[in-house]
Amino acid sequence: MENLSGINENRKYNESRFWFPGRWVGGITLIISPLFLLTGVLLRIPYHFFFPQQLAAYKEHPTLIFSSYSFFLAGNILLSLAVLTLVQLIGLRKPNWAIGGGIMVVLGLFARAFHAGVDHLAFQLVQIYNLEEATKTIASSYGAYHIVSGLSPFILLGWIVLAIGAYISGVLRLVPALALSLMTILMIGVLKGSSFTSVIATTGLVVALVPLGIKIISEGPKPVFKAIIKWTFLLLALILVLYFLGQAG
């Protein structure tokens with residue numbers, strides 16, 4: 001229990017100071033984001049990770065591959081809020097480790113989001129033209145310079161810094177901290193499929209963050225049933241509005 005004292009301190013911290021993104025959003029994203037990432041990785045594990053095979057898999061199984069990449073992107077976006085929550089906890093005792101690791105990981109997540117946009121366009125090329133033309137286009141532009149490429153090393157090193165900070169601050173025990181550091185082996189780039197190391201990395205993220213998210217949620221005041229119903233309907237309505245606005249361009 002002593003290694004979780006950082007979380008207990010955070011409860012006192014949160015009573016007197018502003019905490020972003022807050023206990024509920026932070027706790028929920030700590031739980032959901034690793035599960036989304038792992039789901040995305042597992043859905044495309046049957047196919048070779050290099051881009052020609054990923055494009056061929058999309059041609060044969062468009063719904064499956066679209067779902068895989070969508071789960072991964074959603075997990076990546078939500079993971080940014082989960083990381084901010086973890087940084088908040090680490091920063092109570094080890095602010096330098098929290099700041100350094102947090103900045104590197106968040107910048108790295110931006111790189112993954114950029115790659116997801118390229119992935120989406122590549123899959124549209126398969127539909128608009130054909131597999132051969134899409135593969136040629138990606139092959140001829142693969143490795144083209146963009147400023148986001150400079151962020152890729154950040155996410156690889158950032159997970160290690162964040163894991164060390166989580167351990168020495170008492171937020172995570174040794175095994176979850178080591179599991180968190182496994183994210184450094186997750187491949188980054190355009191149209192990266194899954195491999196055995198991808199499963200290990202995202203499983204490690206589940207081991208590290210899901211129990212922490214459950215603990216954060218369970219240690220605070222519980223909402224009344226009426227509030228749960230109200231916020232559920234509001235959230236569903238917001239999702240619908242955002243969907244239609246997004247479809248409108």
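Along the sequence shown, the residues carry numbers beginning at 1.
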Inset, instruction - Please report the shortest heavy-atom distance between T135 and P52, naming the atom on each side. - result: CG2-CB, 4.3 Å
Legend entry - Heavy-atom side-chain proximity of L89 to L212 below 4.5 angstrom: yes
Inset, instruction - Any chance you could pull the hydrophobic cluster mates of F49, using side-chain heavy atoms under 4.5 angstrom and chaining through other members? - result: M187
Inset, instruction - Would you confirm whether S140, through its side chain, and T137, through its main-chain N or O, come within 3.5 Å as a donor-acceptor pair? - result: yes
Legend entry - Qualifying salt bridge (charged side-chain N to carboxylate O under 4.0 Å, His left out) pairs with a residue from residues 127-145, counting only residues at least two apart or across chains: E132-K136
Inset, instruction - Answer yes or no: is there a side-chain heavy-atom contact under 4.5 Å between L37 and F71? - result: no
Inset, instruction - Side-chain contact test, heavy atoms from C-beta onward, threshold under 4.5 Å: evaluate it for K192 versus F50 and give yes or no. - result: no
Inset, instruction - Quick one: closest heavy-atom pair of S198 and G193, and the distance? - result: OG-O, 4.1 Å
Inset, instruction - State yes or no: do I77 and L186 share one hydrophobic cluster built from I, L, V, M, F, W and Y residues joined by side-chain heavy-atom distances below 4.5 Å, directly or via other members? - result: no
Inset, instruction - Any chance you could pull the hydrophobic cluster mates of V207, using side-chain heavy atoms under 4.5 angstrom and chaining through other members? - result: none
Legend entry - ILVMFWY network linking F196 to L42, side-chain heavy atoms under 4.5 angstrom: no
Legend entry - In one Ile/Leu/Val/Met/Phe/Trp/Tyr side-chain cluster, 4.5 Å: I28, I214: yes
Legend entry - Point-to-point distance, once rounded to the nearest 0.5 Å, from CE of M183 to CD1 of I188: 9.5 Å
Legend entry - side-chain contact (heavy atoms from CB on, under 4.5 Å) partners for T197, two or more places apart: I185, S195
Inset, instruction - Starting at CG of L79, measure out to CG of L73 and round the result to the nearest 0.5 Å. - result: 11.5 Å
Inset, instruction - Verify side chain to side chain contact (heavy atoms under 4.5 Å, CB included) between F72 and V41, making sure each step is shown before the conclusion. - result: CA-CA 7 Å; F72 193 90; V41 164; 4.0 Å; yes
Legend entry - Cluster check W97, L180: I/L/V/M/F/W/Y, side chain < 4.5 angstrom: yes
Legend entry - Cluster overlap L30 with L182, hydrophobic side-chain contacts below 4.5 Å: no
Inset, instruction - Could you list the residues that satisfy side-chain hydrogen bond (donor to acceptor under 3.5 Å, both in side chains) with K94, not counting sequence neighbours? - result: none
Legend entry - side-chain contact (heavy atoms from CB on, under 4.5 Å) involving V206 - partner list, sequence neighbours excluded: P34, L35, L38, V210
Sequence neighbours excluded and cut-off under 3.5 Å, please list the side-chain donor-acceptor pairs for residues 143-166, or say none.
from : atom 1 : to   : atom 2 : distance (Å)
H146 : ND1    : V148 : N      : 3.4
H146 : ND1    : S149 : N      : 3.1
S149 : OG     : H146 : O      : 2.6

Legend entry - Side-chain heavy atoms of Y47 within contact of L64, under 4.5 Å: yes
Inset, instruction - Check whether any side-chain heavy atom of I31 sits under 4.5 Å from a side-chain heavy atom of L209, and report yes or no. - result: no
Inset, instruction - Please check if the distance between the ring centroids of H61 and F66 is under 6.0 Å. - result: no
Inset, instruction - Verify, without hydrogens or angle tests, whether R23 (side chain) and I217 (backbone) share a donor-acceptor contact under 3.5 angstrom. - result: yes
Legend entry - Rounded distance [0.5 Å steps], CG in L78 versus OG in S33: 6.0 Å
Inset, instruction - Check whether more than 12 heavy atoms from other residues, nucleotides or ligands sit under 6.0 Å from atom OH of Y142, and answer yes or no. - result: yes
Legend entry - Heavy-atom donor-acceptor pair, T29 side chain to G26 backbone, under 3.5 Å: yes
Inset, instruction - Might you point out which heavy atoms bring P21 and L81 nearest each other, and give the distance in Å? - result: CG-O, 3.8 Å
Please table the atom pairs, donor to acceptor, closer than 3.5 Å between any side-chain atom in residues 119-128 and protein atoms at least two apart or in another chain.
from : atom 1 : to   : atom 2 : distance (Å)
D119 : OD1    : L191 : N      : 2.6
Q124 : NE2    : H120 : O      : 3.3
Q127 : NE2    : Y58  : OH     : 3.1

Inset, instruction - Please name all residues satisfying side-chain contact (heavy atoms from CB on, under 4.5 Å) with A177, sequence neighbours left out, ordered by chain then number. - result: Y167, L172
Inset, instruction - Please report the closest heavy-atom contact between P176 and A208, naming both atoms and the distance. - result: O-CB, 3.3 Å
Inset, instruction - Could you pull out all residues at least two apart from T202 that satisfy side-chain hydrogen bond (donor to acceptor under 3.5 Å, both in side chains)? - result: none
Legend entry - Which residues share a side-chain contact (heavy atoms from CB on, under 4.5 Å) with E60, sequence neighbours left out: none
Legend entry - Between CD on residue E219 and CD1 on residue I216, distance to nearest 0.5 Å: 8.5 Å
Inset, instruction - Sorted by first residue and then second, give each side chain to side chain donor-acceptor pair (under 3.5 Å) pair with at least one member in residues 65-80; sequence neighbours left out. - result: R44-S68, Q54-Y69
